[in-house]
Number of protein chains: 2
Amino acid sequence: MQSTPATTEERAAPAAARVGGCGAPPRRHPRPDGQDRYTISEVAAFTGLSAHTLRWYERIGLMPHIDRSHTGQRRYSNRDLDWLDLVGKLRLTGMPVADMVRYAELVREGESTYGERYELLAATRRNVLARITELQDTLAVLDQKIGFYADAGCPREAGNTR
Amino acid sequence: MQSTPATTEERAAPAAARVGGCGAPPRRHPRPDGQDRYTISEVAAFTGLSAHTLRWYERIGLMPHIDRSHTGQRRYSNRDLDWLDLVGKLRLTGMPVADMVRYAELVREGESTYGERYELLAATRRNVLARITELQDTLAVLDQKIGFYADAGCPREAGNTR
DNA sequence: CGCTTGCTTGGAGCGCGCTCGAAGGTCCTA
DNA sequence: TAGGACCTTCGAGCGCGCTCCAAGCAAGCG
């Protein structure tokens with residue numbers, strides 16, 4: 001964890017070095033680097049988020065700085081899309097937006113925050129595991145009740161709360 | 001699905017027929033039937049819900065009619081506790097309160113709604129399965145990133161959005 | 001040129017699921 | 001009989017995560 005000029009990670013990436021290294025996730029149909037300057041509505045269509053939400057994410061600090069066209073319109077890169085992908089995943093875990101913002105800050109602060117990022121993700125992982133367990137638990141209850149209704153009966157023993 | 005006078009299920013249950021039949025869930029330390037007249041704060045302590053929330057549940061129609069003492073104070077039964085247990089589980093699945101209210105209505109309407117209840121629970125079940133899949137998916141992403149931070153490196157190939 | 005379409009901003013509004021407050025009645029113990 | 005804990009109702013308020021609106025600028029087309 002030596003401190004380095006930072007920023008390196010979010011921005012940059014020398015064009016074409018992007019696909020496949022160290023676990024870059026497979027993605028739908030991004031444009032090749034160099035033409036990856038999506039408008040906000042393209043990104044909205046792509047991610048399923050509304051343009052409103054995309055701007056809001058930016059305002060609250062959940063996004064890295066987004067490039068602009070010469071007239072000031074947002075131009076999202078493939079990298080930004082990757083980030084939104086991660087954000088989407090984290091959102092599914094039920095992680096509060098505030099925590100994601102925190103993570104985004106850590107990323108902006110550079111390599112010196114690796115430890116803290118690790119902690120944050122590890123904690124999230126634990127939550128996800130717990131959630132999965134809860135859900136499986138619930139599934140069991142659900143299956144039991146569904147079973148009851150399926151053979152619409154168990155006529156004696158009305159003591160079950162349906 | 002012949003229509004029957006209804007109500008039978010939520011209220012009643014001939015005392016002592018309650019435990020173990022047709023999948024009654026194991027529970028913590030309920031009082032024997034006959035003394036199961038809990039105050040709202042007992043139920044709050046028991047379920048982890050606030051008394052405010054319990055009253056609110058009642059107002060919105062999520063609870064069956066709750067017994068009252070001669071002076072009008074709520075007295076919850078073991079059966080009510082069971083129902084709250086189910087509600088808690090459904091809540092964990094992310095089911096909207098409105099849907100739970102719908103389910104509660106169906107229960108109040110009696111046996112003639114078995115089919116609809118089945119559908120509702122089956123749909124919920126499908127949602128839960130989907131959620132579990134999503135979470136496992138997210139877990140994979142998380143593990144990948146955690147792995148990256150764990151061996152704090154993969155120094156070439158900076159193309160990953162952290 | 002005017003028109004449409006799509007983008008910009010800041011700020012207000014909304015739906016959900018609670019959460020709390022005020023004002024008053026009841027229960028329990030001493 | 002007094003005091004305090006706990007209960008009642010109704011309605012307002014809150015935090016989260018968006019969602020929408022108004023007013024205005026820029027580009028492209030007939």
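Order of the sequence lines fixes the chain letters, A, B, ..., with proteins taken first and strands second; residue numbering starts at 1 for each chain.
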Problem - Toward the 5' end of DNA chain C, by each residue's nearest nucleotide, B/M100 or A/R59 - result: A/R59

Exercise for the section: Among the candidates C/dT19, D/dT19, C/dC27, find the nucleotide nearest to the side-chain atoms of A/T53. Expected result: D/dT19

Exercise for the section: Report yes if the side chains of B/T124 and A/L142 come closer than 4.5 Å at any heavy-atom pair, otherwise no. Expected result: yes

Exercise for the section: Nearest whole angstrom, please: distance from the P of C/dC20 to the CG of B/L49. Expected result: 14 Å

Fill in the blank from the handout: The contact string for nucleotides 1-9 of chain C, one letter per nucleotide 5' to 3', using protein heavy atoms under 4.0 Å with B, S and - for base, sugar-phosphate only and none, comes out as ------SBB

Fill in the blank from the handout: B/W56 atom CH2 is separated from D/dG13 atom P, nearest whole Å, by 18 Å

Exercise for the section: If a pair satisfies salt bridge (Lys or Arg N to Asp or Glu O under 4.0 Å) and one of its residues is in residues 54-64 of chain B, list it, with sequence neighbours excluded. Expected result: B/E58-B/R68, B/E58-B/R74

Exercise for the section: Taking only the side-chain nitrogens and oxygens of B/Y57, find out if one of them lies under 4.0 Å from OP1 or OP2 of C/dG17. Expected result: no

Problem - Beyond-backbone contact of A/E109 with A/E116, side-chain heavy atoms, under 4.5 angstrom - result: no

Practice task
Taking only the side-chain nitrogens and oxygens of B/R91, find out if one of them lies under 4.0 Å from OP1 or OP2 of C/dC18.
Solution key: yes

Handout entry: Interatomic distance, B/I60 CD1 vs D/dG11 P [rounded to whole Å]
Key = 16 Å

Exercise for the section: Indicate whether any N or O donor in one side chain lies under 3.5 Å from an N or O acceptor in the other, for A/Y76 and A/D36. Expected result: no

Exercise for the section: Indicate yes or no for a side-chain donor-acceptor contact from A/T53 to the backbone of A/L49 under 3.5 Å, with no hydrogens or angles considered. Expected result: no

Every protein N/O lying under 3.5 Å from an N/O of nucleotides 14-16 of chain C:
none

Problem - Atom pair distance, as rounded to whole Å: CG in A/L54 and P in D/dG17 - result: 16 Å

Exercise for the section: Report yes or no: do B/D80 and B/Y38 form a side-chain donor-acceptor pair below 3.5 Å? Expected result: no

Exercise for the section: Determine yes or no for a side-chain-to-main-chain donor-acceptor pair under 3.5 angstrom, with B/W83 supplying the side chain and B/L62 the backbone. Expected result: yes

Problem - B/R131 side chain reached by A/R131 side chain, heavy atoms, under 4.5 Å - result: yes

Problem - B/Y76 OH to D/dC7 C1', straight-line distance once rounded to whole Å - result: 11 Å

Exercise for the section: May I have the step-by-step check of ring-ring contact (aromatic ring centres under 6.0 Å, His included) for B/F148 and A/Y118, ending in yes or no? Expected result: CA-CA 9 Å; B/F148 170 88; A/Y118 177 89; over 10 Å; no

